[in-house]
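Presented below is the structure to which this report refers.
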Amino acid sequence: MTDTNTLKPVDPATKNLVADGNLSDSQGRTTIADTVVSKIAGIATREVGGVYDLGGTAARTVGLIRDRIPGSKTNLSQGVTVEVGEKQAAIDLQIIAEYGVSIADLAQGIRRNVITAVERMTGLEVTEVNIAVSDIHLEGEDDNTPEPAAEPVERRVQ
């Protein structure tokens with residue numbers, strides 16, 4: 001992860017935008033779309049060790065189908081819902097955690113990474129990051145591989 005203390009803006013005006021979330025000045029106004037914040041939050045969440053995937057079962061199923069279509073792109077904001085105002089953003093995440101990871105520590109790491117990334121890149125103040133853990137992924141369990149066919153069972157009735 002990048003240390004935010006080492007980032008140096010090229011332009012002094014950019015420093016003010018990043019530091020205080022001031023997206024408007026005498027030269028114009030900057031608006032940031034919800035999809036931008038949700039992509040940043042999705043990428044930042046996936047960077048944290050212990051996160052297997054984002055989204056619930058239905059969203060992941062649609063994502064698996066979409067990934068099999070040639071030329072399609074992975075939805076980086078899957079499992080991410082945001083509310084963006086003029087100066088603030090609130091983020092809701094739905095994740096699948098790896099088995100064995102402390103969920104409390106994982107949630108703390110996700111919050112820290114998401115808040116840092118969103119605030120650094122957009123200048124928006126992140127007011128909250130809500131995390132819903134919808135499933136646990138077990139080692140060796142892979143959603144992309146079909147389950148083996150069941151052995152034929154001898155019928156007990158005719």
Side-chain angles (χ1 to χ4, degrees), residues 1-10 14-24 29-147:
M1 191 163 111
T2 306
D3 180 13
T4 56
N5 294 331
T6 62
L7 296 174
K8 302 270 192 263
V10 177
T14 307
K15 179 182 179 202
N16 291 336
L17 290 176
V18 173
D20 65 6
N22 183 10
L23 296 172
S24 296
R29 187 175 139 200
T30 303
T31 57
I32 299 171
D34 292 5
T35 56
V36 172
V37 175
S38 66
K39 280 185 180 182
I40 294 168
I43 292 167
T45 301
R46 285 177 173 84
E47 290 175 345
V48 177
V51 174
Y52 175 72
D53 203 358
L54 273 77
T57 306
R60 290 176 51 222
T61 301
V62 171
L64 287 172
I65 293 168
R66 183 183 49 249
D67 289 346
R68 293 175 190 245
I69 298 171
S72 68
K73 296 180 182 177
T74 301
N75 182 2
L76 297 174
S77 58
Q78 174 181 297
V80 181
T81 307
V82 300
E83 186 178 334
V84 179
E86 288 184 27
K87 296 182 179 186
Q88 296 178 326
I91 301 166
D92 297 322
L93 303 168
Q94 187 174 20
I95 69 161
I96 289 83
E98 292 284 354
Y99 177 77
V101 173
S102 166
I103 293 176
D105 292 343
L106 179 62
Q108 184 180 18
I110 291 169
R111 280 190 186 94
R112 182 174 42 245
N113 207 41
V114 168
I115 290 169
T116 300
V118 171
E119 288 184 349
R120 181 180 56 81
M121 293 180 72
T122 66
L124 295 168
E125 174 193 1
V126 177
T127 58
E128 62 185 24
V129 176
N130 299 312
I131 301 168
V133 181
S134 61
D135 201 359
I136 296 290
H137 178 260
L138 300 173
E139 186 77 27
E141 188 179 73
D142 192 3
D143 294 280
N144 295 330
T145 58
E147 298 209 7

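Numbering starts at 1 and runs along the sequence shown.
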Can you find a pair of side-chain heavy atoms, one from Arg111 and one from Ile131, that are under 4.5 Å apart?
yes
Any side-chain heavy-atom pair from Thr35 and Ser77 closer than 4.5 angstrom?
no
A side-chain contact here means heavy atoms from C-beta on lying under 4.5 Å apart; do Asn113 and Thr45 qualify?
no
Locate the shortest heavy-atom distance separating Val126 from Glu119; write the atom from each residue and the value.
N-OE2, 3.0 Å
Side chains of Leu124 and Val84: closer than 4.5 Å at any heavy-atom pair?
yes
Which atom names give the shortest non-hydrogen contact between Ile96 and Ser134, and what distance separates them?
CD1-OG, 3.8 Å
Is there a side-chain contact between Ile103 and Ile136 (heavy atoms, below 4.5 Å)?
yes
Output the distance between atom CG (Leu138) and atom OH (Tyr52), rounded to the nearest 0.5 Å.
10.5 Å
Paired with Leu93, the side-chain contact (heavy atoms from CB on, under 4.5 Å) test is passed by just one of Val80, Val133, Val51, namely Val80
List the residues meeting side-chain hydrogen bond (donor to acceptor under 3.5 Å, both in side chains) with Gln88, not counting sequence neighbours, and say none if there are none.
Glu125
Arg29 vs Thr31, test: side-chain contact (heavy atoms from CB on, under 4.5 Å). Steps then yes/no.
CA-CA 7 Å; Arg29 187 175 139 200; Thr31 57; 3.4 Å; yes
Which residues pass the side-chain contact (heavy atoms from CB on, under 4.5 Å) test with Val101, not counting sequence neighbours?
Glu98, Leu106
Side chains of Gln78 and Leu76: closer than 4.5 Å at any heavy-atom pair?
no
Of all the heavy-atom pairs spanning Val114 and Ala41, show the shortest one and how long it is.
CG2-O, 3.8 Å
Holding to side-chain contact (heavy atoms from CB on, under 4.5 Å), I want the full list of residues that pass it with Val36, two or more places apart in sequence or in another chain.
Ile32, Ala33, Ile40
Decide side-chain contact (heavy atoms from CB on, under 4.5 Å) for Arg46 and Asp53; before the verdict, give the C-alpha distance in whole Å, the side-chain angles of both, and the deciding distance to 0.1 Å.
CA-CA 7 Å; Arg46 285 177 173 84; Asp53 203 358; 4.1 Å; yes
Qualifying residues under side-chain hydrogen bond (donor to acceptor under 3.5 Å, both in side chains), relative to Asn130, sequence neighbours excluded
Asp92, Glu128
